[in-house]
**Q** 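Okay, here's the structure, questions in a sec.
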Protein chains: 2
Amino acid sequence: MISLDAQEISATANLSARIYADLRMKLIIGDLRPNEAVSIRTLASDYNVSAMPVREALRQLASEEALVGAAKKAYRVPNLSPSQAANLFFVRSVLEGAAAELAVLNIRKGDFKILKKFIVQMENAWAKNDASSFLRANYEFHSFIYARAGNAAMQAIIDGLYVRTGPWLAHGIVNLVKPDHWLGEHTRIIDALQNRDGQKARELMEKDAKWGSDLYQRLSSS
Amino acid sequence: MISLDAQEISATANLSARIYADLRMKLIIGDLRPNEAVSIRTLASDYNVSAMPVREALRQLASEEALVGAAKKAYRVPNLSPSQAANLFFVRSVLEGAAAELAVLNIRKGDFKILKKFIVQMENAWAKNDASSFLRANYEFHSFIYARAGNAAMQAIIDGLYVRTGPWLAHGIVNLVKPDHWLGEHTRIIDALQNRDGQKARELMEKDAKWGSDLYQRLSSS
DNA sequence: TCAATGCAACTGTGATCACAGACGTCTTCA
DNA sequence: TGAAGACGTCTGTGATCACAGTTGCATTGA
């Protein structure tokens with residue numbers, strides 16, 4: 001049985017919303033893998049609720065293409081084609097680039113310590129081959145920055161992209177030898193933010209968002 | 001009773017999906033107005049189905065913030081605050097700008113006649129004060145272009161933005177004297193696409209996406 | 001031994017019911 | 001005449017059941 005009263009899940013009165021949020025995070029950090037089946041009744045049993053809230057959560061995820069569902073067949077985590085993955089990373093680079101440029105205007109002095117903490121977490125997770133923790137720290141690093149853009153709509157949209165690329169990234173990381181440049185542009189992004197250099201922050205963020213695409217290149221050529 | 005077997009709605013086996021698509025278009029063209037209540041049982045009766053498919057459609061729309069729902073209260077069309085509207089139009093300008101730049105690479109010779117047809121439709125609708133038709137033609141013009149970017153993920157995300165700005169635009173248009181520049185940058189965008197000038201297409205599209213923001217300026221200052 | 005067939009256990013989907021909280025109106029009392 | 005309280009109606013939400021189509025395994029036949 002999966003408990004839903006974790007602190008991180010907002011205490012909405014709604015069962016559906018909590019299951020939805022929980023599954024979303026599982027997708028972001030790669031706890032659900034491409035092509036994995038998720039069934040309404042199984043999840044309902046895991047969460048110890050009826051099928052009702054689960055089916056609504058799954059339908060929502062399917063509508064934002066975080067899951068795929070065919071008629072009378074189990075929902076599945078999508079198996080992204082090369083072009084689909086490239087498309088997602090392209091949108092991410094466009095939006096995260098714009099967000100980083102805006103974030104320069106709102107970033108606060110104490111934020112940099114937090115951002116550096118996420119980098120340390122990524123480093124530790126990478127050393128332990130812990131893909132989930134690595135992806136979570138990576139997400140939190142990026143998420144923290146584009147939250148500082150002060151545009152809630154943009155923030156939600158980028159979140160949706162992480163949900164969709166998460167399983168695919170996790171698959172790539174575990175099936176791959178360590179890339180030498182796992183840090184991406186993260187440290188340089190912090191520098192640009194500290195220097196309030198919006199143009200530079202944008203460029204670096206656009207480049208970093210393509211890190212996932214690089215991963216794919218190595219995957220498909222190996 | 002509202003019929004769902006219109007040609008435009010894809011013949012998915014799913015009732016929920018068809019109701020979802022129908023409501024989405026109603027939002028895009030402003031058939032549902034800000035703050036309007038939409039109730040599960042009322043819609044179920046209108047569509048002549050049970051509450052089940054409707055509640056799933058409404059929940060989906062709420063999850064993408066095309067509707068808002070409080071506990072035990074009817075779902076409502078959101079009444080956007082000035083900053084929320086500005087945020088949406090900003091994201092639209094970023095994404096549609098990038099899409100227009102890509103569209104230059106894929107646009108076909110016969111496309112321009114279609115695009116000009118949409119402009120004529122906008123002109124006619126404007127002359128008849130038909131806000132729904134105006135918004136539909138405007139949506140189809142833009143939609144046609146960003147579909148040509150060849151990025152399905154980006155296309156779906158921009159679609160979602162039109163769903164959210166639709167009711168607000170309709171409200172602005174009907175409560176406003178005609179702006180003199182209703183055409184926006186549409187004709188110039190066609191020129192840029194024809195000249196395969198990606199940079200220009202991007203600039204014009206970014207500017208045009210802010211047309212809605214202009215509308216708001218006039219609204220709030222009147 | 002292998003392939004074809006059938007059955008059993010799964011899948012999502014729609015309908016229906018029970019429930020609790022919100023809202024508005026109408027009545028009643030001061 | 002006014003305000004306060006109660007009741008009926010409407011809201012979304014969760015649970016449960018029936019149904020039909022899919023899948024995969026086991027059995028049976030050649």
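Chain letters run A, B, ... following the sequence lines, proteins first, then strands; residues in each count from 1. Here the structure is a predicted model, which means the values were calculated and not measured.
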**Q** Side chains of A:I19 and A:V49: does their closest heavy-atom pair fall under 4.5 Å?
**A**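 SC-SC contact between A:I19 and A:V49 confirmed.
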
**Q** Quick one: label A:V54 by what it contacts on the DNA or RNA (base, sugar-phosphate, nothing), any heavy atom closer than 4.0 Å.
**A**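 Counting heavy atoms under 4.0 Å across all strands, no contact is made by A:V54.
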
**Q** Between D:dG12, C:dT11, C:dG14, spot the one nearest the side chain of B:K72, thanks.
**A**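 It is D:dG12.
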
**Q** Taking OP1 and OP2 of C:dG12, is either one under 4.0 Å from a side-chain nitrogen or oxygen of B:N14?
**A**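 No, outside the criterion.
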
**Q** Take atom OH of B:Y75 and atom P of C:dC23, then tell me their distance rounded to the nearest Å.
**A**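 So the OH-P distance, B:Y75 to C:dC23, works out to 16 Å.
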
**Q** Indicate yes or no: at least one non-hydrogen side-chain atom of B:H142 is less than 4.5 angstrom from one of B:D208.
**A** yes

**Q** B:E36 CD to D:dT11 C1': how many Å, rounded?
**A**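 Whole-Å distance recorded here is 16 Å.
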
**Q** Any idea which of C:dG14, D:dT13, D:dG21 is nearest the B:S50 side chain?
**A** C:dG14

**Q** Does A:R92 qualify as a cation-pi partner of A:Y162, given the criterion of NZ or CZ under 6.0 Å from the six-membered ring centre and within 45 degrees of its axis?
**A**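 Judged by the rule (NZ or CZ under 6.0 Å from the ring centre, within 45° of its axis), A:R92 counts as positioned above A:Y162.
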
**Q** Going by distance alone, is a donor N or O of one side chain under 3.5 Å from an acceptor N or O of the other, for B:Y47 and B:D22?
**A** yes

**Q** How many Å lie between CZ on A:R76 and C1' on C:dG12, as a whole number?
**A** 14 Å

**Q** I want to verify a distance call: between C:dT11, C:dT16, D:dG14, whose nearest atom is closest to the B:M52 side chain?
**A** C:dT16

**Q** Has the side chain of B:N87 got a donor or acceptor atom that lies under 3.5 Å from a matching backbone atom of A:A153?
**A** no

**Q** What is the distance, to the nearest angstrom, from the CD1 atom on A:I40 to the P atom on D:dC17?
**A**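 Atom CD1 in A:I40 sits about 17 Å away from atom P in D:dC17.
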
**Q** Need one value for B:R59: base, sugar-phosphate or nothing, where a base atom within 4.0 Å counts as base even if backbone is also close, heavy atoms only.
**A**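 If one applies the 4.0 Å heavy-atom cut-off, B:R59 turns out to touch the sugar-phosphate alone, with no base involved.
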
**Q** Which whole-number value in Å describes the distance from B:E56 CD to C:dG12 P?
**A** 12 Å

**Q** Does the structure place the NZ or CZ of B:R148 under 6.0 Å from the centre of the six-membered ring of B:F144, at an angle of no more than 45° from the ring's axis?
**A** yes

**Q** To the nearest 10 degrees, what angle separates the axes at the start and end of the helix from C:dT1-D:dA30 to C:dA30-D:dT1, five pairs each?
**A** 10°

**Q** Pick the nucleotide of DNA chain D nearest each of A:P53 and B:L58; which residue has the one closer to the 5' end?
**A**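 Its nucleotide being nearer the 5' end, the pick is B:L58.
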
**Q** Can you check whether B:S16 has a side-chain N or O nearer than 4.0 Å to OP1 or OP2 of C:dG14?
**A** yes

**Q** Round to a whole Å and report the spacing from CZ of A:R41 to C1' of D:dT22.
**A**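 About 13 Å, once rounded to whole Å.
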
**Q** Taking atom C1' of D:dG14 as reference, at what distance in whole Å does atom OH of A:Y47 sit?
**A**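 Going from A:Y47 (OH) to D:dG14 (C1'), I get 17 Å.
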
**Q** Closer than 4.0 Å, any side-chain N/O of A:S39 to the OP1 or OP2 of C:dC10?
**A** no

**Q** Could one point to a donor on the side chain of A:R55 or the base of D:dG14 with an acceptor on the other under 3.5 Å away?
**A**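 Per atom types, no contact qualifies.
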
**Q** Pull out every residue in residues 60-70 of chain B that has a heavy atom closer than 4.0 Å to any atom of DNA chain C, ordered by number, or say none.
**A** none

**Q** Measure from the side chain of A:K73, starting at C-beta and using heavy atoms only, and say which of C:dA15, D:dT16, D:dT23 lies closest.
**A** D:dT23

**Q** Within the 4.5 Å heavy-atom criterion, are A:L61 and A:R24 side-chain neighbours or not?
**A** yes

**Q** From CG of B:L43 over to C1' of C:dG14, roughly how many Å is that when rounded to an integer?
**A** 17 Å

**Q** When you look at A:K210 and A:E206, which way does the salt bridge (charged side-chain N to carboxylate O under 4.0 Å, His left out) test go after all the steps?
**A** CA-CA 7 Å; A:K210 299 200 173 81; A:E206 284 178 353; 5.5 Å; no

**Q** Is it true that the side chains of A:Y139 and A:D159 contain a donor and an acceptor less than 3.5 Å apart?
**A**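 Per modelled atom types, A:Y139 and A:D159 side chains form a pair under 3.5 Å.
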
**Q** Begin from the C-alpha positions of B:R59 and A:S16 and carry the test side-chain contact (heavy atoms from CB on, under 4.5 Å) through to its verdict.
**A** CA-CA 10 Å; B:R59 172 170 292 277; A:S16 308; 3.5 Å; yes

**Q** When you check the phosphate oxygens OP1 and OP2 of D:dT11, does a side-chain N or O of B:T42 lie under 4.0 Å from one of them?
**A**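 Answer yes for this pair, as a side-chain N or O of B:T42 is under 4.0 Å from OP1 or OP2.
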
